[in-house]
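Presented below is the structure to which this report refers.
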Amino acid sequence: AEKIPVWHTDATFREKPPAGSVLFCRQAPKEGGATCVADMRAAWASLASEEQCDLERLDCVCSLSHHDAVVYARDPTAPAPTPALRNAHPAQRVPMVLRHPITGQKALYG
């Protein structure tokens with residue numbers, strides 16, 4: 001079965017998410033393994049101002065449970081996080097739009 005990408009922002013379920021993500025591949029598979037990256041600043045900039053206003057008022061609820069539901073719907077054999085990991089990382093409310101603390105640029109998040 002063809003695997004469909006699961007779009008996400010890394011670690012939004014953490015109380016203090018990381019400032020960024022880095023992808024490093026030691027050995028690529030001969031087939032598959034495709035990874036896509038999205039520029040969320042460009043996504044924000046491409047929206048009409050009315051859409052931007054609507055999104056700036058929204059928060060997202062990010063959790064391992066939601067991520068798992070999306071993953072399992074596509075791959076029922078995927079490993080599940082342990083109960084301890086789930087308890088250590090409860091659902092978090094995060095803004096849909098972030099402003100960079102230095103440049104002031106806005107980006108979609110959550």
Side-chain angles (χ1 to χ4, degrees):
E2 180 183 348
K3 296 210 176 186
I4 300 169
V6 177
W7 287 97
H8 65 279
T9 300
D10 288 343
T12 55
F13 62 87
R14 293 184 179 170
E15 185 175 351
K16 293 184 179 177
S21 297
V22 176
L23 177 65
F24 178 77
C25 178
R26 292 183 183 266
Q27 182 177 1
K30 292 180 183 184
E31 292 182 21
T35 298
C36 301
V37 178
D39 181 345
M40 301 312 280
R41 292 175 302 165
W44 169 258
S46 73
L47 296 172
S49 60
E50 297 83 22
E51 290 177 297
Q52 290 178 344
C53 288
D54 289 342
L55 292 176
E56 282 190 287
R57 293 189 284 262
L58 298 178
D59 285 339
C60 301
V61 176
C62 300
S63 72
L64 286 175
S65 296
H66 176 263
H67 179 265
D68 293 349
V70 172
V71 170
Y72 295 140
R74 295 180 176 143
D75 182 3
T77 64
T82 64
L85 181 62
R86 287 182 191 279
N87 289 337
H89 300 288
Q92 300 293 325
R93 183 175 294 276
V94 299
M96 182 75 178
V97 179
L98 291 181
R99 181 184 294 274
H100 190 281
I102 296 172
T103 66
Q105 286 185 297
K106 292 181 181 179
L108 293 173
Y109 187 64

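Criterion: ILVMFWY side-chain heavy atoms under 4.5 Å apart, direct or through other members. Under it, V61 and L58 are not part of a common hydrophobic cluster.
Q27 places no side-chain N or O within 3.5 Å of a backbone atom of C25 that could act as its donor or acceptor partner.
Listed by chain and number, the residues in a salt bridge (charged side-chain N to carboxylate O under 4.0 Å, His left out) with D54 are R57 (sequence neighbours excluded). In terms of the side-chain hydrogen bond (donor to acceptor under 3.5 Å, both in side chains) criterion, residue partners of E56 (sequence neighbours excluded) are, by chain and number, K106.
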For residues 30-48, please give each side-chain donor-acceptor pair under 3.5 Å, one per line with the distance, not counting sequence neighbours.
unit_1 : atom_1 : unit_2 : atom_2 : d
D39    : OD1    : R41    : N      : 3.0
D39    : OD1    : A42    : N      : 3.0
R41    : NH1    : Q105   : OE1    : 3.1
S46    : OG     : A43    : O      : 2.8

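Between C60 and M96, the shortest heavy-atom distance links the atoms SG-SD, 3.3 Å. Closest non-hydrogen pair, R99 versus G104, comes out as NH1-O, 3.0 Å.
Atoms CD and CG, from Q92 and D59 in turn, are 11.5 Å apart once rounded to the nearest 0.5 Å.
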